[in-house]
Amino acid sequence: MATGTEPPATQPQPPGGGVRAAPRAAIDAPHLRTDRWWLAPAVTVAGLLAFVVYSTWRAFANADYYAAPYVSPFYSPCLAENCEPMKAGPNWEIFGSWWGISPAIIILIFPLGFRLTCYYYRKAYYRGFWASPPACAVAEPHRTYTGETRFPLILQNIHRYFFYAAIPVAGILTYDTVLAFRDERYEWGHMGLGTLVFLVNIVLIWAYTLSCHSCRHIVGGKLKHFSRHPVRYRMWQWIGKLNARHMLLAWSSLVSVALADFYVYLVASGVFDDPRFF
C-alpha cells in the first residue's frame with residue numbers, strides 16, 4: 001500500500017546515512033518541529049554536567065565529609081583505613097591500609113553505576129550528549145544505529161545487578177539517617193537541620209530505587225495469574241505508581257544526595273554550626 005512518501009524515481013535523495021538513507025522518505029527538512037525542542041536536552045546536559053563536576057570534586061577531595069553525627073552519602077560506608085573515625089558509624093576497614101586515595105571511590109561505583117544504567121538516565125544522556133535522538137520527531141545525525149548491541153552500550157544490560165547493589169547502599173544510608181538523631185557528642189534524642197536534610201534525602205533515595213523498572217519486573221514479572229499472588233500484585237501496583245514518577249524521582253534524588261553531601265561539607269569545614277531543633 002502506498003503511503004504517499006515514496007520518492008519519485010527522478011527525485012534525488014537527501015544526502016546522508018541512517019535516517020537519511022535511501023529507503024527513507026525524501027523530506028529535505030531534518031524535522032518539522034517549530035517549538036524549542038532543543039531546550040529539554042540542553043537542560044539535561046547542564047544538570048548532569050553540574051552533578052558530574054560536583055561529585056568528582058567531592059569524591060577526590062577526601063576531606064570534610066564527616067561532622068558528628070553526619071557522614072556524607074558519598075563516603076558511606078567507609079571501606080578503607082584512611083577514613084575519619086565515626087563512632088558507631090559505617091567504618092568497615094575492608095580494604096586496609098594499602099588504599100591511599102579517597103575512600104569515596106570504592107563505594108560510589110555502585111550508586112553511580114545504578115544511575116548510569118537506569119532506563120530514564122539512558123534516555124536523558126543519549127538525547128542530551130549523543131543526540132540519539134535529540135528529541136521526539138527530530139532525526140538523529142548519526143549515519144548508523146546499533147542500539148545497545150555492541151560494546152560499551154551492551155553493558156547497560158547489567159542494570160539489574162546494579163539494582164541489587166543499590167539496595168544495601170540505600171540500607172546503609174538509612175542507618176546513617178538514624179544516627180543523625182544524635183548530637184555532636186553522640187547522645188541520642190536530638191534533631192538538627194542536618195537530620196531533616198538526611199530524612200528528605202533517604203526518602204527520595206528509596207523512592208527512586210524502588211521506582212526502578214527492574215524492581216517493578218522483579219516484584220511482578222513472570223506471573224501468569226496475579227490472583228494467585230495477591231501480595232506481589234499489591235506491591236507491583238504500588239511500585240507501578242512510583243515508576244510513573246521515575247523521571248521526577250531520578251532528578252529529585254540526584255539533587256538531594258548532592259545537597260546532603262554539600263550540607264555535611266559546610267558543617268565539617270566550619271562554615272556554620274548545625275542548627276538544632278531539640
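FYI, the numbering just counts along the sequence from 1.
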Between [Y] and [X], is there a side-chain heavy-atom distance shorter than 4.5 Å?
X    : Y    : value
L196 : M191 : yes
T209 : F163 : yes
L48  : Y121 : yes
Q156 : R122 : yes
L199 : V203 : no
C212 : F114 : yes

Decide whether [X] and [Y] meet the rule of one side-chain donor and one side-chain acceptor closer than 3.5 Å.
X    : Y    : answer
W206 : T174 : yes
R216 : S211 : no
Y126 : E140 : no

Side-chain ([X]) to main-chain ([Y]) donor-acceptor, under 3.5 angstrom:
X    : Y    : result
D274 : G194 : yes
N201 : V257 : yes
R245 : Y208 : no
W98  : F95  : yes
R228 : L223 : no
W99  : S102 : yes
R182 : L179 : yes

Original post:
Under 6.0 Å from the CD1 atom of I109, do we count more than 12 heavy atoms belonging to anything else shown?
Top reply: no
Original post:
In terms of the angle between their ring planes, are Y233 and W236 parallel, tilted or perpendicular, with boundaries placed at 30° and 60°?
Top reply: parallel
Original post:
Parallel under 30°, tilted from 30 to 60°, perpendicular over 60°: which one fits the rings of F262 and Y54?
Top reply: perpendicular
Original post:
Between W57, Y66, F272, F74, which is the residue that forms a ring pair (Phe, Tyr, Trp, His ring centres under 6.0 Å) with Y265?
Top reply: W57
Subject >> Partner of Y75 under ring pair (Phe, Tyr, Trp, His ring centres under 6.0 Å), chosen from Y65, F60, Y70 >> reply: Y65
**OP:** Could you give me the CA-CA distance, side-chain angles and deciding distance for S76 and D176, then say whether side chain to side chain donor-acceptor pair (under 3.5 Å) is met?
**Re:** CA-CA 8 Å; S76 182; D176 294 339; 2.4 Å; yes
Roughly how far, to the nearest 0.5 Å, is the [atom2] atom of [Y] from the [atom1] atom of [X]?
X    : Y    : atom1 : atom2 : value
L254 : I205 : CG    : CD1   : 8.5 Å
Y125 : C118 : OH    : SG    : 9.0 Å
T177 : I202 : OG1   : CD1   : 4.5 Å

Original post:
Given the side-chain rings of H213 and Y119, with only the six-membered ring counted for Trp, is the space between their centroids under 6.0 Å?
Top reply: yes
**OP:** Scan residues 74-91 for pairs that pass salt bridge (charged side-chain N to carboxylate O under 4.0 Å, His left out), counting only residues two or more places apart or in two chains.
**Re:** none
